Number of protein chains: 2
Amino acid sequence: MTSKSTMREVAGKAGVSIATVSRVINSPDEVPTETVERVRAAMRYLNYRPNINGRRLKMAQTRSVGVLVPTMANPVFATSVQGIEQAAHEDGLTVLLTSSNYDPQRELGAVSTLLNNRVDGLILTLANADDNPVIDLLKAENIPFVLLFNQPARTDVASISVDNARSAYDMTQAMIAQGHTSLAMVAGRFESSDRSKQRFDGFGQALSDAGLGAARLCQVGFGETELFTPLKSFLTGPDAVTGLVCSTDMLAIAAISACRDHGLSVPGDVSVGGIDGIAVGGLISPKLCSAIQPTQEMGQQALAFLRGLIRGQANPQSLILPHQLSTGESIGPARHSSSPRL
Amino acid sequence: MTSKSTMREVAGKAGVSIATVSRVINSPDEVPTETVERVRAAMRYLNYRPNINGRRLKMAQTRSVGVLVPTMANPVFATSVQGIEQAAHEDGLTVLLTSSNYDPQRELGAVSTLLNNRVDGLILTLANADDNPVIDLLKAENIPFVLLFNQPARTDVASISVDNARSAYDMTQAMIAQGHTSLAMVAGRFESSDRSKQRFDGFGQALSDAGLGAARLCQVGFGETELFTPLKSFLTGPDAVTGLVCSTDMLAIAAISACRDHGLSVPGDVSVGGIDGIAVGGLISPKLCSAIQPTQEMGQQALAFLRGLIRGQANPQSLILPHQLSTGESIGPARHSSSPRL
DNA sequence: TTGAAAGCGATACCAT
DNA sequence: ATGGTATCGCTTTCAA
């Protein structure tokens with residue numbers, strides 16, 4: 001075990017005091033070049049590595065930020081974390097990562113751990129941003145934080161998101177414009193995702209504005225990838241829809257798979273649109289309708305915003321970024337095939 | 001700013017010494033119930049939050065692990081990080097996350113930062129695990145680490161991966177068995193990913209074993225999503241292939257898109273197989289050939305392995321997990337359409 | 001320009 | 001069962 005050397009040893013080797021070593025590290029300009037060199041040489045010789053924890057204990061700031069997302073298994077969150085990490089790297093900040101698995105209990109626990117680590121600030125995607133104890137806690141402790149993807153009702157918290165209701169509205173409208181008259185939304189449980197609820201509202205509004213009757217909803221639990229059964233009544237029989245508006249890419253992917261298993265081609269027999277636009281719109285096929293969120297950029301912006309809050313140079317506010325609507329040529333009205341095909 | 005309260009204040013409030021407060025935190029059983037209660041009450045009253053950095057400074061272990069991946073924008077790595085985070089959470093470990101963007105320079109810098117944080121161990125996915133200064137550094141400092149996805153040549157480092165060459169071999173063989181005689185591999189630059197090279201070797205071996213001549217390669221830089229031009233000579237003209245073996249899912253997705261843009265249907269005119277199996281095999285369509293890696297489980301196992309190394313209860317070794325071959329019914333020989341179609 | 005010394009908030013040894 | 005105290009590695013006045 002190569003026991004780490006300390007400032008004290010470096011100081012000894014270089015024949016200076018630890019104060020000077022500290023200066024060489026933090027403000028080399030205040031030290032004569034010759035001394036700097038001598039100290040640096042000692043550092044190299046001893047393989048010195050500053051112990052950040054010593055510094056953290058002493059200083060007010062830790063130069064670390066906490067990140068909480070529901071899961072990294074969802075490319076949307078993963079990509080945003082990539083954006084955060086990227087920006088943090090440029091700022092020399094350390095990222096402490098946690099995930100909640102959409103569980104409010106774990107959200108609170110994770111944030112608590114992060115606070116014990118004395119992070120300078122937090123970036124969070126909560127299951128539900130309204131009436132959330134995590135936010136109360138953060139407010140009470142007066143810790144800078146910005147919500148990512150959440151669109152909270154209250155205006156005294158910082159957030160970065162797209163307009164969830166609006167993006168669902170726009171996508172639904174686009175699909176209606178393509179000739180769809182029978183649509184349903186596939187969404188996660190509202191308790192696990194306030195985005196789901198907001199998007200469903202936008203979906204309903206678009207239908208209502210088009211005079212298309214009640215909004216149908218297929219609600220599925222987080223983690224469900226098998227939508228064959230849940231979607232059965234939506235894809236077959238007299239009430240079959242011609243298009244599915246999916247709350248997320250992951251759901252869209254699962255829905256596409258379910259459509260195929262029901263013998264429907266996508267697009268063609270059924271159109272599928274996914275909000276997020278990472279996989280469905282961005283990666284897999286630009287031919288399907290999707291409302292694209294600039295996920296990675298949102299992560300970067302979240303960190304930039306957080307930095308402002310930490311410095312006290314910015315105030316909490318909601319930044320709502322424009323989403324980009326992608327309506328590929330494959331979107332079209334229903335053409336159910338009479339016989340299922342593989 | 002709610003200034004955080006310290007052990008000292010809690011001790012004062014509870015009328016005990018800080019030593020007792022520490023005991024209440026770390027070994028409550030050694031303290032009478034009545035005292036424990038009094039101290040806990042004081043903690044609640046003062047909203048006490050242990051400062052982990054104080055503990056880290058004092059203790060040998062920091063109960064934190066560093067993670068380095070090329071990018072979280074690749075679902076394969078993101079999913080593995082999810083597995084790591086999951087397992088870390090269960091162990092009460094904090095995860096420090098960094099990404100290298102496939103840049104060896106940044107790999108070294110990131111690891112250095114992680115070491116300054118005195119992480120107990122590291123989990124890394126390196127661009128190239130052979131002859132990598134990062135590994136030398138870690139070996140020299142005697143820091144526990146496990147490589148994830150990398151299959152290093154040297155046997156004195158811990159690693160968890162699937163057999164890259166073998167999975168490419170198997171997938172290629174499966175496609176050959178479906179009637180393909182003309183295949184090419186799409187892979188990233190070998191400098192950016194040793195997996196690419198290993199997979200290409202497996203691809204070449206399979207072709208050679210089948211007596212199918214030289215292995216053709218379309219090598220693309222990291223981040224390229226537009227494969228229309230790079231794949232042109234592979235998809236059109238006299239040397240057009242009937243199938244593409246892709247080194248990664250992300251490349252497979254880009255390749256599928258390029259095929260479509262060249263007027264080829266996938267699968268049908270061209271088959272595409274992607275190693276990884278997250279998106280192509282798992283999410284998008286189980287109909288395409290893919291060699292599936294249990295990505296999230298690999299992350300969990302990596303952490304478990306790392307824990308063993310940290311405790312000194314395990315020795316570095318290579319764990320090569322079985323990959324799962326998924327050959328959907330859509331795989332088939334070439335049937336080029338004479339006229340491009342949208 | 002440099003150094004001595006006082007903490008930062010914990011842990012843990014050694015007494016009591 | 002509890003407390004006093006040295007210590008972890010660093011930053012930062014205040015003097016010299």
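Sequence lines set the chain letters: A, B, ... in the order given, protein chains first and strands last, and positions in each chain run from 1. For clarity, every value in this text was computed on a predicted model and none was experimentally measured. FYI, side chains are in, hydrogens and waters are out, and symmetry mates aren't considered; it's all heavy atoms of this structure.
- Nearer to the 5' terminus of DNA chain D, by closest-nucleotide assignment, is the contact made by B:V31 (compared with the other of B:V31 and B:R118).
- The closest side-chain heavy-atom distance from A:F145 to A:I123 is not below 4.5 Å.
- Ionic pairing of B:R307 and B:D91 is present here: one or more N-O contacts between side-chain nitrogen and carboxylate oxygen are shorter than 4.0 angstrom.
- Paired with A:L138 under the rule side chain to side chain contact (heavy atoms under 4.5 Å, CB included), one option of A:L124, A:L114, A:V157 passes, and it is A:L124.
- In terms of modelled atom types and a separation under 3.5 Å, the side chain of B:K4 and the main chain of B:N47 share no donor-acceptor contact.
- Heavy atoms from other residues, nucleotides or ligands lying under 6.0 Å from CG of B:D131 number 12 at most.
- For A:F222, the ring pair (Phe, Tyr, Trp, His ring centres under 6.0 Å) criterion is met by A:Y102, not counting sequence neighbours.
- More than 12 heavy-atom neighbours from other residues, nucleotides or ligands sit within 6.0 angstrom of CG on B:D136.
- A 4.0 Å heavy-atom criterion places the boundary nucleotides of DNA chain D facing chain B at D:dA1 to D:dG9, written 5' to 3'.
- Side-chain N/O atoms of B:D194 and B:N150 include a donor and acceptor closer than 3.5 Å.
- For A:R8, the CZ atom is loosely surrounded, since the number of other residues' heavy atoms within 6.0 Å does not exceed 12.
- Scanning all heavy atoms of the two residues, the minimum distance from B:R118 to A:P50 falls at NH1-O, 3.5 Å.
- Partners of B:Y48 according to the ring pair (Phe, Tyr, Trp, His ring centres under 6.0 Å) rule, which considers only residues two or more places apart in sequence or in another chain, do not exist here.
- Within the 4.5 Å cutoff, the side chain of B:L122 has no heavy atoms near those of the B:L68 side chain.
- In the helix from C:dT1-D:dA16 to C:dT16-D:dA1, the rotation axis of the first five pairs and that of the last five pairs differ in direction by 40°, rounded to 10 degrees.
- A straight line from CZ of B:R63 to C1' of C:dT11 spans 16 Å, rounded to a whole angstrom.
- For the segment residues 17-28 of chain A, residues with any heavy atom less than 4.0 angstrom from an atom of DNA chain C are, sorted by number, A:S17, A:A19, A:T20, A:R23.
- Looking at heavy atoms from C-beta onward, A:V67 lies out of side-chain contact with A:T98 at the 4.5 angstrom threshold.
- Rounded to whole angstrom, the span from the CZ atom of A:R8 across to the P atom of C:dA5 amounts to 11 Å.
- Following rounding to the nearest Å, B:E30 (CD) and C:dA12 (C1') show an atom-to-atom distance of 11 Å.
- Computed from coordinates, the A:L115 CG to C:dG9 P distance equals 16 Å when rounded to whole Å.
- If you check residues 39-61 of chain B against DNA chain D, the residues with a heavy atom closer than 4.0 Å are B:L57, B:K58, listed by number.
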